[in-house]
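As the structure is a computational prediction, the values presented were derived from the model and not from experiment. For this chain, numbers begin at 1 and follow the sequence in order.
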Amino acid sequence: MAQNPKVRIALIGGGTIAPLHAEYLMPSPTCELVAIVDPYPPGCALASTLSLPHFESVASLLNSLQEPPDAYVICVPSNLHVSIARDVIHRAQPKALLIEKPFCTDSKSGTELLALANEKGCKILVGHHRRFHPSLSITRSAIENGKIGKITAISGLWTAKKDAGYFASASWRATRSAGGGPIWTNFVHDIDALHFLTGARVTCVWAINTTTRRKHENVAADDIVEEGAAIMAQFSNGVVGTFLVSDNVASPYGWESATGDNPLYPKAGTPVDIYRILGTKGTISVPENTLWTYDPETADRYNEEAGWKTPMVRITLPVTQGIPFQQQAEHLARVVCNLEDPLCSAEDGLAAVSVCEAIITALKAKDGLPVSVLDVSRV
């Protein structure tokens, strides 16, 4: 039986995250990475390392390749996501785009991009790769199967220490309007993960800044990135949550340290949890994937109704093996072939962006008052 041809993929951008996409696209049984597009040295170097054609623009790629790519992976600085995606859709008419997170840095441009993609029949996936992580999959299944009863609340952390070199290597990282800072760069992943786990979207936020200790030269004072925030959130289904974000503390309590799913960052030496989903029957910690609940037989022995007077049992949920970036690459191929819908759609990406916008609004106001989140289902 003849094997289906591989889906042809072009990678736009050669910076930090691009080599990781390339690492799993190159050996993929369903994808073929055919070119790197980037006018800057990192893209040229990556193409040379992988022995792939290198182009400075999508236009030059289309003029040179006999068979155009089926899809593109866009991993450029955050504030360029929309403009690059629009250009690709207009010029190349691809079947699909995988756009790194955040989907955009303002809801208006993201909404316009979504409308254009729908008009042109281009499917958009957003690179919130955590949705493919086995720990999130098993947690979502446990929640859907009633293991913790009805969700009441969540708590979470994204804390780490970014060094001076992180900001020196890319000036946009110190600028909030360019998509820099832990809210746009890191927490946007967390809020999408919590949307995915709770099955609901955040509708309102409260946020205050953590102490500022860094100095960033040549950035307008009102555009310097935050170092962190304490956040409260309310979800559409009544769930409430608290979250602490900081990129200037020494801590292993962040997704990268907890999971090790990005080889750029070392995994913590012992298991740590960063999300806790609390329900009426139990609590799950993620990515430790520990379920705390009551054993009815234990409650009977204590002659008590299951509750705080009876011991809880600790159950380790079985987690399958899987590499999120690899699974995301295979999913992209299936979306192109109309075998699946995007696991993280443009609408999902836009929802996470809207939450980040509301948080930034709250941080700028510095008054601790609630800020409503734009309902992207209505735009």
Review point. Taking Y294 for the side chain and G307 for the main chain, is one N or O donor matched with an acceptor at less than 3.5 Å?
Key: yes
Review point. What's the shortest heavy-atom distance between G43 and D38, and which atoms?
Key: N-OD2, 3.3 Å
Review point. For N248 and K161, does a side-chain donor sit closer than 3.5 Å to a side-chain acceptor?
Key: yes
Exercise for review: Could you state whether I183 and I208 fall into the same hydrophobic cluster, counting links through intermediate Ile, Leu, Val, Met, Phe, Trp or Tyr residues with side-chain heavy atoms under 4.5 angstrom apart?
Suggested key: no
Review point. Are R130 and D190 ion-paired here, with the side-chain N under 4.0 Å from a carboxylate O?
Key: yes
Check your understanding: Side-chain heavy atoms under 4.5 angstrom apart, residues restricted to Ile, Leu, Val, Met, Phe, Trp, Tyr: same cluster for L98 and Y72?
Key -> no
Exercise for review: Take atom OH of Y40 as the centre, draw a 6.0 Å sphere, and report whether it contains more than 12 heavy atoms from other residues, nucleotides or ligands.
Suggested key: no
Check your understanding: Heavy-atom count around D163 CG within 6.0 Å, excluding the residue itself: above 12?
Key -> yes
Review point. Any link between V335 and I124 through a network of hydrophobic side chains (Ile, Leu, Val, Met, Phe, Trp, Tyr) touching at under 4.5 Å?
Key: no
Check your understanding: Are the side chain of H128 and the backbone N or O of C344 linked by a donor-acceptor pair below 3.5 Å?
Key -> no
Check your understanding: Does a donor on one side chain and an acceptor on the other come within less than 3.5 Å for S107 and S354?
Key -> yes
Check your understanding: Is it the case that one hydrophobic cluster holds both F196 and V355, taking links as side-chain heavy atoms less than 4.5 Å apart, direct or via other members?
Key -> yes
Practice item. Could you tell me whether the side chains of S177 and D223 share a donor-acceptor contact shorter than 3.5 Å? Key: yes
Check your understanding: Is there a side-chain contact between L20 and C75 (heavy atoms, below 4.5 Å)?
Key -> no
Check your understanding: Are there more than 12 heavy atoms of other residues, nucleotides or ligands under 6.0 Å from atom NZ of K6?
Key -> yes
Point to revise | NZ/NE/NH1/NH2 to OD/OE distance under 4.0 Å, R201 and D348 | key: yes
Practice item. Please tell me if the side chains of T242 and S155 come closer than 4.5 Å, counting only heavy atoms from C-beta onward. Key: yes
Check your understanding: For atom CZ of R276, is the number of surrounding heavy atoms from other residues, nucleotides or ligands below 6.0 Å larger than 12?
Key -> no
Check your understanding: Okay, side chain of S48, backbone of C44: is any donor-acceptor separation there less than 3.5 Å?
Key -> no
**Study point:** Ring centroid separation H189 to W158 under 6.0 Å
**Key:** no
**Study point:** Worked verdict on T290 versus R314 for side-chain contact (heavy atoms from CB on, under 4.5 Å)
**Key:** CA-CA 7 Å; T290 298; R314 182 180 188 274; 3.4 Å; yes
Exercise for review: State whether the side chain of S169 and the backbone N or O of Y166 hold a donor-acceptor pair below 3.5 Å, judged by distance alone.
Suggested key: yes
Exercise for review: Working to the nearest 0.5 Å, report the span between CD1 of I74 and CG of L125.
Suggested key: 11.0 Å
Check your understanding: Got more than 12 heavy atoms from elsewhere within 6.0 Å of CG, D341?
Key -> no
Check your understanding: Cut-off 3.5 Å, side chains only: do S28 and E330 have a donor facing an acceptor?
Key -> yes
Exercise for review: Answer yes or no: are there more than 12 heavy-atom neighbours, outside R214 itself, under 6.0 Å from its atom CZ?
Suggested key: yes
Exercise for review: Could you tell me whether the side chain of V353 reaches within less than 4.5 Å of the side chain of W184, counting heavy atoms only?
Suggested key: yes
Practice item. Could you verify whether a donor N or O on one side chain and an acceptor N or O on the other, from N63 and S60, lie under 3.5 Å apart? Key: no
Check your understanding: When you check the side-chain N and O atoms of W255 and N262, is any donor under 3.5 Å from an acceptor?
Key -> no
**Study point:** Sole candidate of E227, E226, E357 that passes salt bridge (charged side-chain N to carboxylate O under 4.0 Å, His left out) when paired with R176
**Key:** E226
Check your understanding: Between F187 and F243, what is the ring plane arrangement, given parallel below 30°, perpendicular above 60°, and tilted in between?
Key -> perpendicular
Practice item. Might you work through the side-chain contact (heavy atoms from CB on, under 4.5 Å) test for E347 and L114, ending with a clear yes or no? Key: CA-CA 8 Å; E347 290 87 349; L114 175 55; 3.9 Å; yes
**Study point:** Polar side chain donor-acceptor pair, K95 to N338, under 3.5 angstrom
**Key:** no
Practice item. Determine, using the 4.5 Å side-chain heavy-atom cutoff (strictly less than), whether L65 and V7 are members of one ILVMFWY cluster. Key: no
Check your understanding: With a 4.5 Å heavy-atom cut-off, do T152 and T280 have their side chains touching?
Key -> yes
Check your understanding: What distance do H21 atom NE2 and L332 atom CG have between them, rounded to the nearest 0.5 Å?
Key -> 10.0 Å
Practice item. State whether the number of non-hydrogen atoms from other residues, nucleotides or ligands found under 6.0 Å of Y253 atom OH is greater than 12. Key: no
Exercise for review: Answer yes or no: is there a donor N or O on one side and an acceptor on the other, between the side chain of T159 and the main chain of S246, under 3.5 Å?
Suggested key: no
